[in-house]
Enquirer: 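Below is one structure. I have some questions about it.
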Amino acid sequence: MKQAACILFLVMLAGGLNVSAQKKTIAQRVDSVLRLMTLEEKVGQMNQYNGDWEATGPITKDGDKQNQIRRGMLGSMLNVTGVEHTRQLQQMAMQSRLKIPLLFGQDIIHGYRTTFPIPLAEAASWDIETIRQSARVAGKEAAAAGVHWTFAPMVDIARDPRWGRVMEGAGEDPYLGSLIAAARVKGFQGRHLGDTDAVMACAKHFAAYGAAIGGRDYNSVDMSLRSLWEYYLPPFKAALDAGAATFMNSFNDLNGIPATANSYLLRGVLKGKWKFKGFVVSDWGSVGEMINHGYVKDNYEAARAAAIAGCDMDMESRSYIKNLVTLVKVGKVPLTVVDEAVRRILTKKFEMGLFDDPFRYCNDARAAKEWDNPANLATAKKMAEKSIVLLKNAGGLLPLSRTTKTIALIGPFIKAVRDNLGFWSYEWPDDSSRIVTTWAGVSKKVGDGTTLLYARGCGVTDSSRAGFAGALAAAQNADVVVMQVGEARDMSGEAKSRSSIRLPAVQEDLIKAIQATGKPIVVMINAGRPLIFNWVADNVGAILYTWWLGTTAGDAIADVLFGDYNPSGHLPMSFPRAEGQIPVYYNHFSTGRPAKNDSDLYYVSAYTDLPNDPKFPFGFGLSYTNFSYSDIRLSSAVLRPDQSITATVTVTNTGKMDGEETVQLYIRDLVGSVVRPVRELKGFQQVSLRRGEKKTVSFTIKPDDLRFYNDKLEYKFEPGDFRLYIGGNSRDVREAAFLLKAD
Ligand code: BGC
C-alpha cells in the first residue's frame, strides 16, 4: 500500500500534476516516466489495438483488451472515436498503475464529419492553401471527436492507376506531391501540436508502397535507390519538414526487405539521415505479415526484426506484446531499442498535452460546435469546386444556360448519396439529408422555367440494359443531357486494384445510346482513379472529371455546370489510353530510340498499336475561357552557381469569362551523369484573369532547383544545357533554353 502511494506520488510528479514538474522539459518528464516503467509496461506502450468498431483487416479476437488497458499493456487504439467512447477507454487507462494516457488514432483521410473530395481530387486543384484548409477542417472535426492522431496524409507517389490507392494520394509528381504533403501535415497539426483542435499527422506508407508491381495492392516493390530518392522519398521529406509527428511503414517489401523491418529506411534514412524525432507505427498487422513475406519464420522473429529496424509501434499484429519482453530478457533485442521507442511515443503523448489532461480532446461542447459547422461545409464546397477538371468542351457546350428549357439528368450517380463520398469516408446516419446529390444541386440551381428529367439508365456494373429505354425517352425530350457515370465508392481504395480500369461497359453503352439521339451531352465521370474512356473522350461534347467530391458534391457540380464556378482543376496523374501503356507518366526518360511522332515506328521505343502519350497529359485541365501564352522571356540565358535567372511569360485571358489558370514550369536537363527526365515540374502559379486581362507570370530558377541524385546518391546540379517550358499542362508549352555554367 505504502509502495503504491509512493508510486502514485512519483507519477504525479512525472505527469505534471505538480507545479514544479510543469517546468521540466518534455524530455525530462519522459525520462522520469520511463524510469518508473517495468519492461512489460514499456512494451505495452509499443502495442496498438483496433477498437473493434471498424476494421480494414482481420481483427485479432483473442485476449481481453480492456484488461490490458487497465494493466498498462496498451499504448494506443485505432478506430475509436466520439467523446463518449474515447472517454470510456481513457478512463480505463487511468486505472492503470502509471496512468499513461492512450492515443486514439483514426484514418481521417478526407474529412471526418464533413467529407471532402478524395485526396487525388484535391490534388487536381493544385491549390495548396485550400488543401491545407481542408486538412485543417478534418483535423478540427476529428480532434473534437476525441481523436488524437490521423493516419494521413498518404504521400505515396503513384504512376499506376490500376492501384486502387491512387485515390488516397496526390498523384504522380514528386514536386506537387511534396507541396501537398506539407500542406496536409500543417492542416492536420494546426498551429501547434497540442492545441486541442489539432491532430498528429502520420506520413504514410514509408516507403514506395505506390510502386507495387503491376499496380496490385500490397505487392512487392523493386526499384533503384536513385528512383526511390528522386521520386518516392521527397514527399516524405516534405511531410517531415512540415513537422509530421509520426510515420507509418508500408506493407510492401522494398528490394526484398519488408518496409516494416527495413533498417535502411527506418534507421538509416528516417531516424538517421533525416533526424526524425517522432515515432513509427507499423501498418495493420505488417509486423506479423513478415512471416507471409518469407522474411521471418514466426512472430517472435518478426517482433525482433521490426523493433531492431526501428518500427516503434505494432498495429494489431500482437507480435510485440507477445514477444518483446522475452526478446529483451534473452538479449535478442537490446533494452535501449525498447526505451528509444517508448521515449518517442511518450514524447508525443506529452506534446499532445495528454499527461496534463488525458481527457482534453473529449469535449462535448467542441464536438457539438464542429458537428454541423456551416463553415466546414463551405470549405468543403470550395475544395470540391476546385477539384473538378474540365477535360473537353467542344463548341462551348458548357456552361449550361439557366434558361435551358429541359435538361435530362441521366446515369447511376445522378441521385447517388454515399457514392459521392469515396473510399475512406465515414457513414453517418443522417447522410441522406446531408450529402448533396447532383440531382439536388442542379434542382436548387435552375429556375421555374427549367424542367429536369431523370433516368438512372443503368447500374454501375451490372449488365442489364433494362433502363436504357427510359433514359432514351428522357434524352429525347430534353434540350441537353447531363450524364454522371463512373465508379462506385468501393471500386477504388485499399485492396481495390483492378486490371481493367475502363469505364464499365454498360455505362459506356448507355452513353453511346444517348449520343445516337443527337442531343448535346455533358458527361461527368465519378472515380477514384484515372479511368479509360476513349470513346467518350472522342465523341461526346463535354466532359468533367468529378472524382468523388464529398458531402457538398452536388452543389459544387451545379456551380460548375452553370458557370458560377469556372473550372480550374488540372490532372495530377497522366490518364492512359489503355492499360497496356501503364505506367505512363510525364517525367519519363527519353531512351536511346525516342519516337519522333505517333507514326514513327521504325525500331524506336514505341507501341505499334498505340501512341506513347497518354490520353490526357499530366497537368491538363481546361477552363470555360481560353488562355494564351506569350513566348518565354529569360532574364539571362546563362545561370551561374550562386545566381538565379527569371523566366517570364504573359498570360492572356482571350475567352469570354473570368477564369483561373495554373501556369506550370517544367525543366529538362539535356545531359546528365545519369539521364534526366524529358520534363520535370519545378514550379507553378495560379493566376486569376478577368475576361480580356493579361498578367505577367515570373519564375525564379536557381541552381538548387536543378539538383538531382547522381549515381552515388549525391544531390547535386551539373553544369550544361537546360530547356525550360511554361504552359497550362505538361504537353502544351512554350520553350526556352539556358546554360548552367560552372564557375
Ligand atoms: C492501411 C493504412 C491504415 C490502416 C489502419 C491499413 O490497412 O494500409 O493506411 O492507416 O489500415 O486503418
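FYI, side chains are in, hydrogens and waters are out, and symmetry mates aren't considered; it's all heavy atoms of this structure. Order of listing sets the numbers, starting from 1, for every ligand and every atom in it.
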Enquirer: What are the atoms of ligand 1, with element, lying closer than 4.0 Å to any heavy atom of Met248?
Expert: 2 (C), 10 (O)

Enquirer: Considering the options Arg366, Arg136, His192, which one meets the side chain to side chain donor-acceptor pair (under 3.5 Å) requirement together with Asp197?
Expert: Arg136

Enquirer: Checking Tyr585 against Asn587: is there a side-chain donor and acceptor pair closer than 3.5 Å?
Expert: no

Enquirer: Given that the side chain starts at C-beta and the backbone is N, CA, C, O, which of these parts of Glu316 lies under 4.0 Å from ligand 1, counting heavy atoms, or is it both or neither?
Expert: neither

Enquirer: Give the contacting part of Asn79 toward ligand 1: side chain, backbone, both or neither, where contact means a heavy-atom distance below 4.0 Å.
Expert: neither

Enquirer: At less than 4.0 angstrom from any non-hydrogen atom of Phe151, what atoms of ligand 1 do you find?
Expert: 10 (O)

Enquirer: Below the 3.5 angstrom mark, is there an N/O of Trp424, backbone or side chain, next to an N/O of ligand 1?
Expert: no

Enquirer: Within ligand 1, which atoms have a heavy atom of Lys204 less than 4.0 Å away?
Expert: 2 (C), 3 (C), 9 (O), 10 (O)

Enquirer: Taking NZ in Lys349 as the centre, count heavy atoms belonging to other residues, nucleotides or ligands within less than 6.0 Å. Is the count above 12?
Expert: yes

Enquirer: Which pair of heavy atoms, one from Ala208 and one from Leu228, lies closest together, and at what distance?
Expert: CB-CD1, 3.9 Å

Enquirer: Any N or O on Tyr209 sitting closer than 3.5 Å to an N or O of ligand 1?
Expert: no

Enquirer: Answer with yes or no whether His205 contacts ligand 1, where contact means a heavy atom under 4.0 Å from a ligand atom.
Expert: yes

Enquirer: Which of the numbered atoms in ligand 1 are under 4.0 angstrom from any heavy atom belonging to Asp283?
Expert: 1 (C), 2 (C), 3 (C), 4 (C), 6 (C), 7 (O), 8 (O), 11 (O)

Enquirer: Please confirm whether Gln106 comes under 4.0 Å of ligand 1, counting heavy atoms of the residue only.
Expert: no

Enquirer: Looking only at the aromatic ring of each residue, does the gap between the centers of Phe279 and Trp149 stay below 6.0 angstrom?
Expert: yes

Enquirer: Identify, by atom number and element, the atoms of ligand 1 in contact range of Leu78, meaning under 4.0 Å from any of its heavy atoms.
Expert: 5 (C), 12 (O)

Enquirer: Other residues, nucleotides and ligands only: do more than 12 of their heavy atoms fall within 6.0 Å of CD on Glu84?
Expert: no

Enquirer: What part of Glu494, side chain, backbone, both or neither, has a heavy atom within less than 4.0 angstrom of ligand 1?
Expert: side chain

Enquirer: Report yes if some heavy atom in the side chain of Arg529 is under 4.5 Å from a heavy atom in the side chain of Met167; otherwise report no.
Expert: no

Enquirer: Would you check, one step at a time, whether the test salt bridge (Lys or Arg N to Asp or Glu O under 4.0 Å) holds for Arg216 with Asp160?
Expert: CA-CA 9 Å; Arg216 207 181 68 216; Asp160 193 332; over 6 Å; no

